[in-house]
Amino acid sequence: MRWLVGWSSIAAHFGTAGAVGASGEAHTVHPVGAQLLWGDPDPLWAVGDWRPDEVRVVTVDSFTKLAVLGCCAASDEELRVGLFAARGGALRHLTAWAGSYTAVVQVGRRVTVAGDLAGARPVFYTPWANGTAYATAALPLADLIEAQLDIGHLAALLACPETPEALRDSTPYDGVKRIPPGHALILREGSREVTGYEPVASLAVAGPQIEAERAIDGVRDALIEAVRARLTAPRHAPETLPPDPGPVPGMGPADRRAARGGRAGPVPGIGADLSGGSASGTLALLAAGLPGAPGTVLGHGTGAGERLLAVTFNDLTTGGREAELERARAIASNPRLHHVVVAAHEEGLPYAGLDAGPLTDEPAPSLVVAERHRGRLAAGSADHFTGAGARQVLDAHPARLADLLLDRRRRHLLRPVAALARAEGASPQSLFIPLTVYRAARRLARMPYRTGLEVAADRLLEANRPGGGLLNGSRGGPLGASLAALTWSRPGPAARWLTGEALAEVSVRLTEAAMRPTSVQRPGEARARAALARQATGQRILEQAAEIRSQRLHAPFLDNQVVRACRDLPESLRVRPGARAEILRTVLAGAGIHDLPPGWGATTQASSTAAARAGLRVSLPHLMALFDAPLLADAGLVEARVVRKALRAAAEGEPVPLDGLADLISTELWLRRLLSRRGTCWTGTAAPRQRAVAGGVPPRPTLRP
């Protein structure tokens with residue numbers, strides 16, 4: 001886990017070792033195992049296993065500095081120009097370079113920390129020592145102030161995970177706040193300000209749209225630059241385990257790995273996921289076709305014709321991936337690709353290996369599939385590409401149909417509603433599907449933001465009743481999901497198992513948000529940005545939960561420049577069925593790649609659902625024991641018997657929302673890991689003596705009605 005941390009206070013000397021405050025008392029508080037980037041009066045540290053090229057500091061004078069942490073393609077001169085622009089207030093320049101990074105600027109006593117657009121590199125802050133401490137992880141700040149759990153945030157995270165109005169700026173730790181995506185934190189001698197650096201579209205008037213061809217060209221250029229930023233970075237050889245002694249009587253490969261100290265780690269070089277889908281296939285082909293750095297400092301990968309390692313995961317337990325594997329093999333026929341298929345049985349199912357995972361910064365559904373991904377990533381490279389986020393930045397959220405109606409583009413609704421009718425099958429009711437979808441989209445387009453949140457707050461109170469909480473909740477399939485998404489806010493899949501008190505607390509949050517003044521976006525764009533933030537958070541937590549030492553996971557679709565380019569795509573292009581595959585096909589064609597396998601862009605959601613249900617059946621005894629006396633019940637969020645009943649029903653094949661169960665299980669698992677943790681992230685004479693969330697979960701807290 002890697003993070004940066006710093007603070008700004010009124011005192012001119014406070015943070016670094018040996019500094020003396022205004023009262024004359026020595027204060028030595030610093031993170032464990034940290035690298036000091038600059039010292040007093042407003043110190044900044046980098047903590048964790050950062051590579052040397054991932055930490056860059058540009059200094060103009062003792063009062064004007066810029067630190068960039070992560071993968072950034074900007075040259076030193078470009079960083080210097082960006083520093084001068086940020087000194088004049090142009091914060092957007094700090095987020096315009098290719099790559100994924102966090103930028104911190106110090107100009108005099110003013111410190112600016114820029115977050116990203118997706119939310120994959122968030123920024124957190126908390127009041128501390130007559131000033132403000134900030135970090136790119138929430139847990140160190142919770143350690144610093146000895147924070148307790150914020151039960152209201154956990155309730156909102158389970159009840160409305162894709163509703164920023166319910167989550168607000170809170171985190172699982174009381175007193176630790178998060179800045180929204182597309183914003184920057186500005187500190188001046190301890191005082192703080194959160195400001196946006198990205199323009200927000202109006203609710204009534206659409207911004208100027210560029211032609212579809214130009215927009216796709218922009219996506220192509222941004223993706224190529226994002227991939228090139230990783231390829232041209234210095235290569236690093238991962239730490240290797242002792243060599244395999246070869247065949248040993250009575251010992252298989254797994255036994256030999258355990259005797260040597262663990263599983264095999266990543267190999268040197270560049271690798272990529274190759275699932276057979278359009279997103280991972282696009283990144284693999286782009287990375288294979290672009291020139292990269294000649295090799296590592298130790299000489300790895302310097303041979304002629306170095307190939308990109310493409311990793312495909314094959315779930316032998318559930319099956320149903322034959323077409324996907326065939327597409328992956330067809331893509332891997334490229335001579336620049338070296339194809340590896342990682343096969344897994346029950347040990348690779350969701351909910352496997354829950355006892356062995358590390359503590360992450362916050363809970364996320366990706367915790368229950370961490371072991372499944374760790375086995376795949378262990379066969380990858382030191383730098384590994386993944387297609388995470390492509391669906392959220394390229395696809396059209398169903399609520400975008402309301403945006404089309406706001407722009408008076410009704411004819412563009414024909415293709416998506418026709419696709420929904422085909423997906424529902426031939427029936428007398430399918431004739432009314434276009435009218436049903438049009439009415440739902442028109443209702444959302446005409447509904448004011450405040451009214452939408454008030455309706456959502458009222459609906460949330462009935463979310464744990466049979467058939468309650470969701471618009472047209474009796475419907476299922478693609479049509480039911482689309483109609484339920486055509487709202488300003490809707491309950492999450494886990495809301496049906498929350499207690500009435502927890503739902504009432506979240507309902508109060510939504511009602512308060514409806515009365516606060518805010519810059520209202522268009523409904524489709526607002527829902528799409530919330531879904532992207534949810535995906536980015538899940539990807540960030542997955543990287544922590546499935547982390548393999550010396551490996552870096554790269555998700556170019558979550559880079560700032562790629563997100564900006566995808567936002568320029570016209571709504572009429574997004575809502576077409578199969579738009580994501582067609583856009584990426586055009587991107588590859590513009591890069592000179594035309595030979596794609598049949599079935600390019602086919603979705604694989606069915607196999608993922610089958611794997612989740614199979615994992616529930618296999619791990620049911622362990623999950624039942626997990627909810628025998630759950631901490632979520634101690635916090636008053638769920639009733640244990642209700643969750644156990646839902647687990648049994650899901651294992652028996654009943655139509656239970658599996659993603660809702662994943663939310664509950666991951667939150668309970670995270671709470672147990674957090675409360676069993678010992679130690680702190682800080683050291684020094686004034687360091688906190690207690691770990692975060694001291695005292696654990698309070699028994700049955702009283703939630704506001």
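Computed from heavy atoms alone, side chains included, the values below leave out hydrogens, waters and symmetry copies. Note that this is a predicted model, so its numbers are computed, not measured.
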Under 4.5 Å between any side-chain heavy atoms of [X] and [Y], yes or no?
| X | Y | result |
| --- | --- | --- |
| Trp488 | Leu510 | no |
| Pro172 | Pro363 | yes |
| Ser482 | Val437 | no |
| Val311 | His384 | yes |
| Leu139 | Arg677 | yes |
| Glu324 | Thr312 | no |
| Thr360 | Leu542 | no |
| Leu309 | Ile270 | no |

[X] side chain to [Y] main-chain N or O, any donor-acceptor pair under 3.5 Å?
| X | Y | value |
| --- | --- | --- |
| Asn464 | Leu498 | yes |
| Ser619 | Leu616 | no |
| Arg496 | Ala463 | no |
| Ser507 | Leu460 | no |
| Thr386 | Ala555 | no |
| Gln551 | Ser381 | yes |
| Asp383 | Arg552 | no |
| Thr318 | Ala611 | no |
| Asp273 | Ser275 | no |

After noting the C-alpha distance and the side-chain angles of Arg613 and Arg617, does the key distance pass the side chain to side chain contact (heavy atoms under 4.5 Å, CB included) rule? CA-CA 6 Å; Arg613 197 172 294 277; Arg617 288 195 298 267; 3.6 Å; yes
Looking only at non-hydrogen atoms, find the nearest pair between [X] and [Y] and report the distance.
| X | Y | result |
| --- | --- | --- |
| Ala545 | Leu367 | CB-CD2, 3.8 Å |
| Phe557 | Ala388 | CB-O, 3.6 Å |
| Ala581 | Trp600 | O-NE1, 3.4 Å |
| Pro577 | Ala419 | CG-CB, 3.5 Å |
| Ala485 | Arg490 | N-NH1, 4.0 Å |
| Ala640 | Pro630 | CB-CD, 3.6 Å |

Is a donor from one side chain sitting under 3.5 angstrom from an acceptor on the other, for Arg121 and Ser100? yes
Check the side chains of His622 and Asp355 for a donor-acceptor pair under 3.5 angstrom, ignoring hydrogens and angles. yes
Walk me through whether His339 and Ile331 qualify under side chain to side chain contact (heavy atoms under 4.5 Å, CB included). CA-CA 9 Å; His339 194 206; Ile331 296 173; over 6 Å; no
Residue pairs fulfilling side chain to side chain donor-acceptor pair (under 3.5 Å) with at least one residue in residues 653-664, sequence neighbours excluded: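 Listed by first then second residue: Arg534-Asp663.
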For Glu347, is the CD atom crowded, meaning more than 12 foreign heavy atoms sit under 6.0 Å from it? yes
Picking from Gln535, Arg527, Arg529, what satisfies side chain to side chain contact (heavy atoms under 4.5 Å, CB included) with Glu162? Arg527
Atom pair [atom1]/[atom2] of [X] and [Y] - distance to nearest 0.5 Å:
| X | Y | atom1 | atom2 | value |
| --- | --- | --- | --- | --- |
| His153 | Leu158 | NE2 | CG | 9.5 Å |
| Leu596 | Arg327 | CG | CZ | 11.5 Å |
| Leu623 | Leu661 | CG | CG | 9.0 Å |
| Glu462 | Asp458 | CD | CG | 8.0 Å |
| Trp497 | Leu664 | CH2 | CG | 6.5 Å |
| Leu558 | Gln392 | CG | CD | 8.5 Å |

Assess the residue pair Leu584 and Leu394 against the criterion (side chain to side chain contact (heavy atoms under 4.5 Å, CB included)); give the C-alpha distance rounded to whole Å, side-chain angles, the decisive distance to 0.1 Å, and a yes or no. CA-CA 9 Å; Leu584 294 179; Leu394 290 175; 3.9 Å; yes
In terms of side-chain geometry, is the basic nitrogen of [X] or [Y] positioned less than 4.0 Å from the acidic oxygen of its partner?
| X | Y | value |
| --- | --- | --- |
| Arg374 | Glu371 | yes |
| Arg672 | Glu668 | yes |
| Asp395 | Arg580 | yes |
| Glu362 | Arg178 | yes |

Any chance you could lay out the salt bridge (Lys or Arg N to Asp or Glu O under 4.0 Å) test for Glu543 and Arg2, step after step, and finish with the verdict? CA-CA 11 Å; Glu543 292 179 7; Arg2 295 168 299 280; 5.4 Å; no
Got a sec, which residues hit side-chain contact (heavy atoms from CB on, under 4.5 Å) with Ala352, two or more places apart in sequence or on another chain? none
Mind running side-chain hydrogen bond (donor to acceptor under 3.5 Å, both in side chains) on Arg376 and His373 for me, showing each step along the way? CA-CA 5 Å; Arg376 168 181 57 86; His373 289 280; 2.5 Å; yes
Met1 and Asp361: CA distance, side-chain angles, deciding distance, side chain to side chain contact (heavy atoms under 4.5 Å, CB included) verdict: CA-CA 9 Å; Met1 184 174 172; Asp361 202 36; 4.0 Å; yes
